[in-house]
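These notes concern the structure reproduced below.
Here is the naming used below: chain letters follow the sequence lines, and residue numbers restart at 1 for every chain. Atoms considered below: every heavy atom in the structure, side chains included; atoms not considered: hydrogens, waters and symmetry mates.
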Amino acid sequence: MIEIRDLKKTYTIKGSKEKVNALRGIDITVNDREMVAIQGRSGAGKSTLLNIIGLIESYDDGEYMLNGIDVSTLSDGKAAKLRNQRIGFVLQDYSLLEKYNVKTNVMLPLLFDKLSSREIDEKVNRALEAVNIDDLSHRKVAHLSGGQKQRVAIARAIVNDPSFILADEPTGALDTKTSGEIMELFRSLNDEGKTIIIITHDPIVADQCKRKIEISDGRIVSPEQVEK
Amino acid sequence: MKKYLLLTWMRLRKNFVEHKLIMTFYCAGTIICNRIFVEVFSSVPDLYEQYLEQRTSWAAELLLLKLLEATLIYAICFCGCAYLYKCVFDLNREQNVILSMLGASKRKVITICLLETSILTISGNLLADLSAVFFYRLDILAYIVILVSVVLLSALTTLPFFIPYIRKPILDSYRNFRDLE
(Lines give C-alpha, C1' and ligand atoms only; values in the text may rest on other atoms or scores of the structure.)
Protein backbone atom coordinates (compact mmCIF):
# COMPACT_ATOMS: atom_id res chain seq x y z
CA MET A 1 0.00 0.00 0.00
CA ILE A 2 1.22 3.49 -0.86
CA GLU A 3 0.28 6.40 1.38
CA ILE A 4 1.48 9.86 0.45
CA ARG A 5 0.65 12.95 2.48
CA ASP A 6 1.39 16.58 1.61
CA LEU A 7 4.38 15.63 -0.55
CA LYS A 8 6.50 18.52 -1.82
CA LYS A 9 9.45 18.63 -4.18
CA THR A 10 11.38 21.60 -5.50
CA TYR A 11 14.09 21.61 -8.18
CA THR A 12 16.73 24.22 -8.81
CA ILE A 13 17.26 24.77 -12.53
CA LYS A 14 20.85 24.05 -13.60
CA GLY A 15 22.86 27.18 -14.25
CA SER A 16 20.44 29.50 -12.47
CA LYS A 17 19.07 29.97 -9.00
CA GLU A 18 15.49 29.70 -10.19
CA LYS A 19 13.43 27.14 -8.33
CA VAL A 20 10.63 25.01 -9.75
CA ASN A 21 7.97 23.59 -7.48
CA ALA A 22 7.44 20.19 -9.12
CA LEU A 23 5.09 18.93 -6.41
CA ARG A 24 3.17 21.30 -4.14
CA GLY A 25 1.52 19.06 -1.58
CA ILE A 26 0.28 15.76 -3.02
CA ASP A 27 -2.02 13.40 -1.13
CA ILE A 28 -2.51 9.93 -2.63
CA THR A 29 -3.38 6.51 -1.32
CA VAL A 30 -2.95 3.49 -3.57
CA ASN A 31 -4.23 0.22 -2.16
CA ASP A 32 -2.79 -3.18 -2.98
CA ARG A 33 -3.97 -4.74 -6.28
CA GLU A 34 -5.15 -1.38 -7.64
CA MET A 35 -4.55 -0.17 -11.19
CA VAL A 36 -4.23 3.59 -11.15
CA ALA A 37 -3.60 6.12 -13.89
CA ILE A 38 -1.91 9.41 -13.05
CA GLN A 39 -2.80 11.88 -15.76
CA GLY A 40 -1.50 15.32 -16.53
CA ARG A 41 0.16 17.52 -19.08
CA SER A 42 3.89 17.61 -19.67
CA GLY A 43 5.60 19.32 -16.72
CA ALA A 44 2.68 18.71 -14.37
CA GLY A 45 4.88 16.74 -11.98
CA LYS A 46 3.67 13.24 -12.72
CA SER A 47 7.08 11.76 -13.57
CA THR A 48 8.58 13.36 -10.46
CA LEU A 49 5.84 11.75 -8.42
CA LEU A 50 6.50 8.36 -10.03
CA ASN A 51 10.24 8.66 -9.36
CA ILE A 52 9.55 9.46 -5.72
CA ILE A 53 7.13 6.54 -5.43
CA GLY A 54 9.82 4.34 -7.02
CA LEU A 55 12.44 5.52 -4.48
CA ILE A 56 14.58 6.98 -7.23
CA GLU A 57 14.20 10.57 -6.15
CA SER A 58 13.94 12.07 -2.70
CA TYR A 59 11.31 14.57 -1.59
CA ASP A 60 11.65 17.79 0.36
CA ASP A 61 8.65 17.67 2.63
CA GLY A 62 5.67 15.49 3.47
CA GLU A 63 5.25 11.82 4.26
CA TYR A 64 5.57 8.70 2.13
CA MET A 65 4.77 5.27 3.54
CA LEU A 66 5.40 2.21 1.37
CA ASN A 67 3.82 -0.93 2.83
CA GLY A 68 3.93 0.76 6.24
CA ILE A 69 7.62 1.73 5.95
CA ASP A 70 8.48 5.40 6.31
CA VAL A 71 10.63 5.86 3.19
CA SER A 72 12.49 8.88 4.63
CA THR A 73 14.13 6.62 7.22
CA LEU A 74 15.62 4.23 4.64
CA SER A 75 19.35 4.25 3.91
CA ASP A 76 20.49 4.27 0.29
CA GLY A 77 21.24 0.54 0.40
CA LYS A 78 17.88 -0.37 1.94
CA ALA A 79 16.00 1.83 -0.52
CA ALA A 80 17.87 0.14 -3.39
CA LYS A 81 16.98 -3.31 -2.02
CA LEU A 82 13.33 -2.33 -1.67
CA ARG A 83 13.37 -0.95 -5.21
CA ASN A 84 14.94 -4.16 -6.46
CA GLN A 85 12.52 -6.53 -4.75
CA ARG A 86 9.23 -4.64 -4.53
CA ILE A 87 9.14 -2.26 -7.48
CA GLY A 88 9.32 -2.82 -11.22
CA PHE A 89 9.76 0.02 -13.71
CA VAL A 90 8.50 0.28 -17.27
CA LEU A 91 9.49 3.43 -19.17
CA GLN A 92 8.47 4.96 -22.48
CA ASP A 93 11.94 4.57 -24.03
CA TYR A 94 12.19 0.99 -22.66
CA SER A 95 15.61 1.70 -21.03
CA LEU A 96 17.04 -1.58 -22.24
CA LEU A 97 20.62 -2.44 -23.13
CA GLU A 98 20.20 -2.60 -26.90
CA LYS A 99 23.42 -4.50 -27.63
CA TYR A 100 22.44 -7.41 -25.42
CA ASN A 101 19.95 -10.17 -25.85
CA VAL A 102 16.53 -10.35 -24.23
CA LYS A 103 17.58 -12.84 -21.57
CA THR A 104 20.52 -10.71 -20.37
CA ASN A 105 18.30 -7.64 -20.12
CA VAL A 106 15.63 -9.46 -18.15
CA MET A 107 18.14 -10.98 -15.73
CA LEU A 108 19.71 -7.62 -14.78
CA PRO A 109 17.61 -6.97 -11.61
CA LEU A 110 18.45 -10.49 -10.39
CA LEU A 111 22.18 -9.74 -10.44
CA PHE A 112 21.74 -7.55 -7.37
CA ASP A 113 20.30 -10.43 -5.39
CA LYS A 114 21.97 -13.55 -4.01
CA LEU A 115 20.58 -16.11 -6.44
CA SER A 116 22.17 -19.11 -8.12
CA SER A 117 22.44 -19.30 -11.91
CA ARG A 118 19.70 -21.93 -11.93
CA GLU A 119 17.32 -19.74 -9.93
CA ILE A 120 18.10 -16.80 -12.23
CA ASP A 121 17.36 -18.92 -15.31
CA GLU A 122 14.07 -20.16 -13.85
CA LYS A 123 12.91 -16.66 -12.94
CA VAL A 124 13.89 -15.22 -16.33
CA ASN A 125 12.06 -18.00 -18.20
CA ARG A 126 8.95 -17.49 -16.06
CA ALA A 127 8.96 -13.73 -16.73
CA LEU A 128 9.44 -14.23 -20.47
CA GLU A 129 6.60 -16.74 -20.58
CA ALA A 130 4.35 -14.32 -18.69
CA VAL A 131 4.73 -11.71 -21.42
CA ASN A 132 4.70 -14.25 -24.27
CA ILE A 133 8.21 -13.67 -25.61
CA ASP A 134 9.93 -16.83 -24.39
CA ASP A 135 10.83 -17.61 -28.02
CA LEU A 136 12.83 -14.35 -28.28
CA SER A 137 15.15 -14.94 -25.32
CA HIS A 138 18.34 -15.09 -27.42
CA ARG A 139 17.47 -12.27 -29.82
CA LYS A 140 19.30 -8.94 -29.53
CA VAL A 141 17.07 -6.18 -28.21
CA ALA A 142 18.15 -3.87 -31.05
CA HIS A 143 16.49 -6.26 -33.52
CA LEU A 144 13.08 -6.20 -31.83
CA SER A 145 9.99 -4.13 -32.62
CA GLY A 146 8.73 -1.43 -30.22
CA GLY A 147 6.01 -3.69 -28.84
CA GLN A 148 8.46 -6.53 -28.29
CA LYS A 149 10.90 -4.18 -26.55
CA GLN A 150 8.17 -3.02 -24.21
CA ARG A 151 7.35 -6.65 -23.43
CA VAL A 152 11.02 -7.20 -22.58
CA ALA A 153 10.88 -4.14 -20.29
CA ILE A 154 7.75 -5.55 -18.62
CA ALA A 155 9.43 -8.96 -18.23
CA ARG A 156 12.39 -7.23 -16.59
CA ALA A 157 10.00 -5.33 -14.33
CA ILE A 158 8.24 -8.47 -13.13
CA VAL A 159 11.21 -10.86 -13.00
CA ASN A 160 11.71 -10.28 -9.26
CA ASP A 161 7.98 -10.70 -8.63
CA PRO A 162 7.50 -7.15 -7.28
CA SER A 163 4.30 -5.92 -5.62
CA PHE A 164 4.28 -2.64 -7.57
CA ILE A 165 4.76 -1.88 -11.24
CA LEU A 166 5.38 1.76 -12.09
CA ALA A 167 4.97 2.63 -15.73
CA ASP A 168 5.88 6.03 -17.17
CA GLU A 169 4.07 6.55 -20.50
CA PRO A 170 4.47 2.84 -21.35
CA THR A 171 2.55 3.14 -24.61
CA GLY A 172 3.94 6.54 -25.62
CA ALA A 173 6.16 5.15 -28.36
CA LEU A 174 3.75 2.49 -29.62
CA ASP A 175 1.01 2.34 -32.25
CA THR A 176 -2.64 1.95 -31.23
CA LYS A 177 -2.82 -1.82 -31.72
CA THR A 178 0.40 -2.53 -29.80
CA SER A 179 -0.66 -0.05 -27.08
CA GLY A 180 -3.84 -2.09 -26.64
CA GLU A 181 -1.82 -5.29 -26.29
CA ILE A 182 0.51 -3.75 -23.72
CA MET A 183 -2.44 -2.38 -21.70
CA GLU A 184 -4.02 -5.84 -21.85
CA LEU A 185 -0.79 -7.22 -20.41
CA PHE A 186 -0.89 -4.68 -17.56
CA ARG A 187 -4.51 -5.62 -16.85
CA SER A 188 -3.66 -9.32 -16.66
CA LEU A 189 -0.75 -8.56 -14.30
CA ASN A 190 -3.15 -6.53 -12.20
CA ASP A 191 -5.59 -9.46 -12.16
CA GLU A 192 -2.73 -11.61 -10.87
CA GLY A 193 -2.38 -9.26 -7.90
CA LYS A 194 0.16 -6.62 -8.91
CA THR A 195 -0.45 -3.00 -8.01
CA ILE A 196 0.01 -0.93 -11.14
CA ILE A 197 0.54 2.81 -11.43
CA ILE A 198 0.60 4.22 -14.94
CA ILE A 199 1.68 7.74 -15.80
CA THR A 200 0.05 8.93 -18.98
CA HIS A 201 -1.25 11.92 -20.83
CA ASP A 202 -3.34 9.67 -23.09
CA PRO A 203 -7.01 9.57 -21.98
CA ILE A 204 -7.55 6.23 -23.79
CA VAL A 205 -4.83 4.62 -21.67
CA ALA A 206 -6.14 6.26 -18.49
CA ASP A 207 -9.66 5.02 -19.23
CA GLN A 208 -8.40 1.44 -19.13
CA CYS A 209 -7.28 1.84 -15.51
CA LYS A 210 -9.57 1.29 -12.56
CA ARG A 211 -8.91 4.72 -11.07
CA LYS A 212 -7.70 8.04 -12.45
CA ILE A 213 -5.83 10.82 -10.67
CA GLU A 214 -5.18 14.09 -12.48
CA ILE A 215 -2.21 16.29 -11.68
CA SER A 216 -1.63 19.86 -12.79
CA ASP A 217 1.16 22.21 -11.67
CA GLY A 218 2.25 19.82 -8.94
CA ARG A 219 -1.21 19.49 -7.39
CA ILE A 220 -4.03 16.98 -7.68
CA VAL A 221 -6.81 18.75 -9.51
CA SER A 222 -9.41 16.04 -9.85
CA PRO A 223 -10.73 14.19 -6.84
CA GLU A 224 -9.70 10.54 -6.87
CA GLN A 225 -12.40 8.75 -8.83
CA VAL A 226 -14.34 5.84 -7.47
CA GLU A 227 -12.93 2.48 -8.47
CA LYS A 228 -14.67 0.98 -11.51
CA MET B 1 31.89 -10.80 -7.22
CA LYS B 2 31.10 -12.92 -10.28
CA LYS B 3 27.99 -10.83 -10.91
CA TYR B 4 29.91 -7.58 -10.50
CA LEU B 5 32.44 -8.80 -13.03
CA LEU B 6 29.65 -9.81 -15.39
CA LEU B 7 28.11 -6.34 -15.14
CA THR B 8 31.54 -4.75 -15.62
CA TRP B 9 32.22 -6.92 -18.66
CA MET B 10 28.84 -5.95 -20.13
CA ARG B 11 29.66 -2.30 -19.57
CA LEU B 12 33.13 -2.60 -21.11
CA ARG B 13 31.76 -4.40 -24.15
CA LYS B 14 29.03 -1.82 -24.60
CA ASN B 15 31.51 1.07 -24.33
CA PHE B 16 33.97 -0.48 -26.78
CA VAL B 17 31.19 -1.14 -29.28
CA GLU B 18 29.48 2.24 -28.96
CA HIS B 19 32.41 4.55 -28.18
CA LYS B 20 35.40 3.09 -29.99
CA LEU B 21 37.33 6.36 -30.28
CA ILE B 22 37.14 7.48 -26.66
CA MET B 23 37.89 3.99 -25.37
CA THR B 24 40.88 3.67 -27.72
CA PHE B 25 42.17 7.04 -26.49
CA TYR B 26 41.66 5.87 -22.95
CA CYS B 27 43.69 2.69 -23.40
CA ALA B 28 46.36 4.40 -25.51
CA GLY B 29 46.57 7.19 -22.90
CA THR B 30 47.16 4.66 -20.14
CA ILE B 31 49.91 2.92 -22.11
CA ILE B 32 51.66 6.21 -23.00
CA CYS B 33 51.40 7.44 -19.38
CA ASN B 34 53.00 4.22 -18.22
CA ARG B 35 55.92 4.44 -20.63
CA ILE B 36 56.70 8.11 -19.92
CA PHE B 37 56.36 7.59 -16.20
CA VAL B 38 58.69 4.57 -16.14
CA GLU B 39 61.23 6.20 -18.50
CA VAL B 40 61.48 9.39 -16.45
CA PHE B 41 61.57 7.75 -13.06
CA SER B 42 64.03 5.06 -14.10
CA SER B 43 66.83 7.63 -14.40
CA VAL B 44 66.23 9.11 -10.92
CA PRO B 45 68.14 6.41 -8.94
CA ASP B 46 71.25 6.84 -11.17
CA LEU B 47 71.17 10.61 -10.75
CA TYR B 48 70.80 10.22 -7.00
CA GLU B 49 73.79 7.87 -6.91
CA GLN B 50 75.77 10.38 -8.98
CA TYR B 51 74.86 13.13 -6.53
CA LEU B 52 75.96 10.99 -3.55
CA GLU B 53 79.31 10.31 -5.22
CA GLN B 54 80.05 13.86 -6.38
CA ARG B 55 78.17 16.02 -3.84
CA THR B 56 78.27 18.92 -6.29
CA SER B 57 75.60 21.56 -6.77
CA TRP B 58 75.50 20.59 -10.46
CA ALA B 59 74.57 16.98 -9.60
CA ALA B 60 71.98 18.22 -7.07
CA GLU B 61 70.43 20.53 -9.66
CA LEU B 62 70.31 17.72 -12.17
CA LEU B 63 68.57 15.45 -9.69
CA LEU B 64 66.15 18.19 -8.72
CA LEU B 65 65.37 18.97 -12.35
CA LYS B 66 64.72 15.30 -13.07
CA LEU B 67 62.42 15.06 -10.08
CA LEU B 68 60.60 18.21 -11.23
CA GLU B 69 60.30 16.78 -14.72
CA ALA B 70 58.94 13.52 -13.35
CA THR B 71 56.47 15.37 -11.13
CA LEU B 72 55.33 17.57 -14.00
CA ILE B 73 54.88 14.59 -16.30
CA TYR B 74 52.98 12.74 -13.60
CA ALA B 75 50.76 15.80 -13.08
CA ILE B 76 50.01 15.95 -16.83
CA CYS B 77 49.32 12.20 -16.92
CA PHE B 78 47.15 12.57 -13.85
CA CYS B 79 45.07 15.35 -15.45
CA GLY B 80 44.83 13.32 -18.67
CA CYS B 81 43.65 10.28 -16.76
CA ALA B 82 41.23 12.41 -14.77
CA TYR B 83 39.72 13.79 -17.96
CA LEU B 84 39.53 10.37 -19.58
CA TYR B 85 37.91 8.93 -16.47
CA LYS B 86 35.30 11.65 -16.67
CA CYS B 87 34.63 10.78 -20.31
CA VAL B 88 34.25 7.10 -19.47
CA PHE B 89 31.91 7.87 -16.60
CA ASP B 90 29.88 10.20 -18.78
CA LEU B 91 29.48 7.37 -21.29
CA ASN B 92 28.05 5.26 -18.52
CA ARG B 93 25.62 7.84 -17.22
CA GLU B 94 22.58 6.25 -18.83
CA GLN B 95 23.61 2.76 -17.80
CA ASN B 96 24.17 3.91 -14.21
CA VAL B 97 20.63 5.27 -14.18
CA ILE B 98 19.24 1.98 -15.49
CA LEU B 99 21.21 0.00 -12.91
CA SER B 100 20.04 2.21 -10.06
CA MET B 101 16.47 1.93 -11.31
CA LEU B 102 16.77 -1.85 -11.23
CA GLY B 103 17.97 -1.84 -7.64
CA ALA B 104 21.71 -1.13 -7.57
CA SER B 105 22.71 0.97 -4.58
CA LYS B 106 25.07 3.92 -4.96
CA ARG B 107 27.89 1.76 -3.55
CA LYS B 108 27.27 -0.96 -6.14
CA VAL B 109 27.18 1.51 -9.03
CA ILE B 110 30.46 3.08 -7.90
CA THR B 111 32.04 -0.37 -7.42
CA ILE B 112 31.15 -1.32 -10.99
CA CYS B 113 32.58 1.99 -12.30
CA LEU B 114 35.78 1.45 -10.31
CA LEU B 115 36.10 -2.13 -11.53
CA GLU B 116 35.73 -0.99 -15.11
CA THR B 117 38.41 1.70 -14.88
CA SER B 118 40.70 -0.57 -12.88
CA ILE B 119 40.47 -3.30 -15.51
CA LEU B 120 41.26 -0.73 -18.20
CA THR B 121 44.22 0.83 -16.39
CA ILE B 122 45.68 -2.46 -15.19
CA SER B 123 45.46 -4.03 -18.63
CA GLY B 124 46.90 -0.85 -20.22
CA ASN B 125 49.85 -0.82 -17.81
CA LEU B 126 50.36 -4.56 -18.11
CA LEU B 127 50.40 -4.32 -21.88
CA ALA B 128 52.92 -1.45 -21.80
CA ASP B 129 55.24 -3.23 -19.37
CA LEU B 130 55.02 -6.62 -21.02
CA SER B 131 55.81 -5.05 -24.37
CA ALA B 132 58.88 -3.45 -22.72
CA VAL B 133 59.95 -6.90 -21.49
CA PHE B 134 59.52 -8.28 -24.97
CA PHE B 135 61.32 -5.48 -26.82
CA TYR B 136 64.22 -4.96 -24.38
CA ARG B 137 64.56 -8.71 -23.64
CA LEU B 138 64.75 -8.10 -19.91
CA ASP B 139 65.62 -10.78 -17.35
CA ILE B 140 63.23 -12.32 -14.82
CA LEU B 141 64.13 -9.79 -12.08
CA ALA B 142 63.23 -6.90 -14.36
CA TYR B 143 60.04 -8.70 -15.18
CA ILE B 144 59.12 -8.90 -11.47
CA VAL B 145 59.99 -5.21 -10.98
CA ILE B 146 57.75 -4.40 -13.93
CA LEU B 147 54.86 -6.40 -12.49
CA VAL B 148 55.19 -4.44 -9.24
CA SER B 149 55.24 -1.22 -11.24
CA VAL B 150 52.02 -2.31 -12.97
CA VAL B 151 50.28 -2.57 -9.63
CA LEU B 152 51.73 0.71 -8.36
CA LEU B 153 50.98 2.63 -11.55
CA SER B 154 47.48 1.23 -11.74
CA ALA B 155 46.90 2.36 -8.18
CA LEU B 156 48.31 5.80 -9.02
CA THR B 157 46.18 6.20 -12.11
CA THR B 158 43.11 5.26 -10.09
CA LEU B 159 43.74 8.29 -7.87
CA PRO B 160 41.78 10.68 -10.08
CA PHE B 161 38.68 8.73 -9.18
CA PHE B 162 38.85 10.30 -5.75
CA ILE B 163 38.64 13.83 -7.13
CA PRO B 164 35.09 15.18 -6.69
CA TYR B 165 35.13 16.42 -10.32
CA ILE B 166 35.48 12.81 -11.47
CA ARG B 167 33.06 11.28 -9.00
CA LYS B 168 30.40 13.85 -9.76
CA PRO B 169 29.16 12.34 -13.06
CA ILE B 170 28.57 9.00 -11.35
CA LEU B 171 26.78 10.48 -8.41
CA ASP B 172 24.85 12.88 -10.63
CA SER B 173 23.64 10.10 -12.86
CA TYR B 174 22.65 8.10 -9.84
CA ARG B 175 20.74 10.94 -8.25
CA ASN B 176 19.37 12.50 -11.38
CA PHE B 177 16.97 10.01 -12.81
CA ARG B 178 15.57 12.79 -14.98
CA ASP B 179 18.55 12.47 -17.32
CA LEU B 180 16.88 9.43 -18.77
CA GLU B 181 13.66 11.21 -19.63
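With 3.5 Å as the limit, one finds no donor-acceptor pair spanning the side chains of A:Asp202 and A:Thr200. Side-chain contact of A:Asn101 with A:Thr104: a donor-acceptor pair under 3.5 Å is present, judged by distance alone.
Both the backbone and the side chain of A:Phe112 come within contact range of chain B, judged by heavy atoms closer than 4.5 Å. If you measure heavy-atom distances from B:Leu99 to chain A, the contacts under 4.5 Å come from both the backbone and the side chain. Proximity to chain B (any heavy atom under 4.5 Å) is restricted, for A:Leu97, to the side chain, taken from C-beta onward. Contact of A:Ile120 with chain B is made through the side chain alone, with heavy-atom distances under 4.5 Å. If you measure heavy-atom distances from A:Asn160 to chain B, you find no contacts under 4.5 Å at all.
Annotation: the span from A:Lys149 atom NZ to A:Thr178 atom OG1 amounts to 13.0 Å, rounded to 0.5 Å. Residue A:Leu185 holds its CG atom at 4.5 Å from CD1 of A:Ile154, rounded to the nearest 0.5 Å.
Ranked by heavy-atom pairs under 4.5 Å with chain B, the first of A:Leu96, A:Leu108, A:Leu55, A:Asn84 is A:Asn84. Chain B forms more heavy-atom pairs under 4.5 Å with one residue of A:Lys81, A:Gln92, A:Arg156 than with any other, namely A:Arg156.
Evaluation of the side chain to side chain donor-acceptor pair (under 3.5 Å) rule for A:Lys9 yields no partner, not counting sequence neighbours. Contacts of A:Ser42 classified as side chain to side chain donor-acceptor pair (under 3.5 Å), with partners at least two apart in sequence or in another chain: none.
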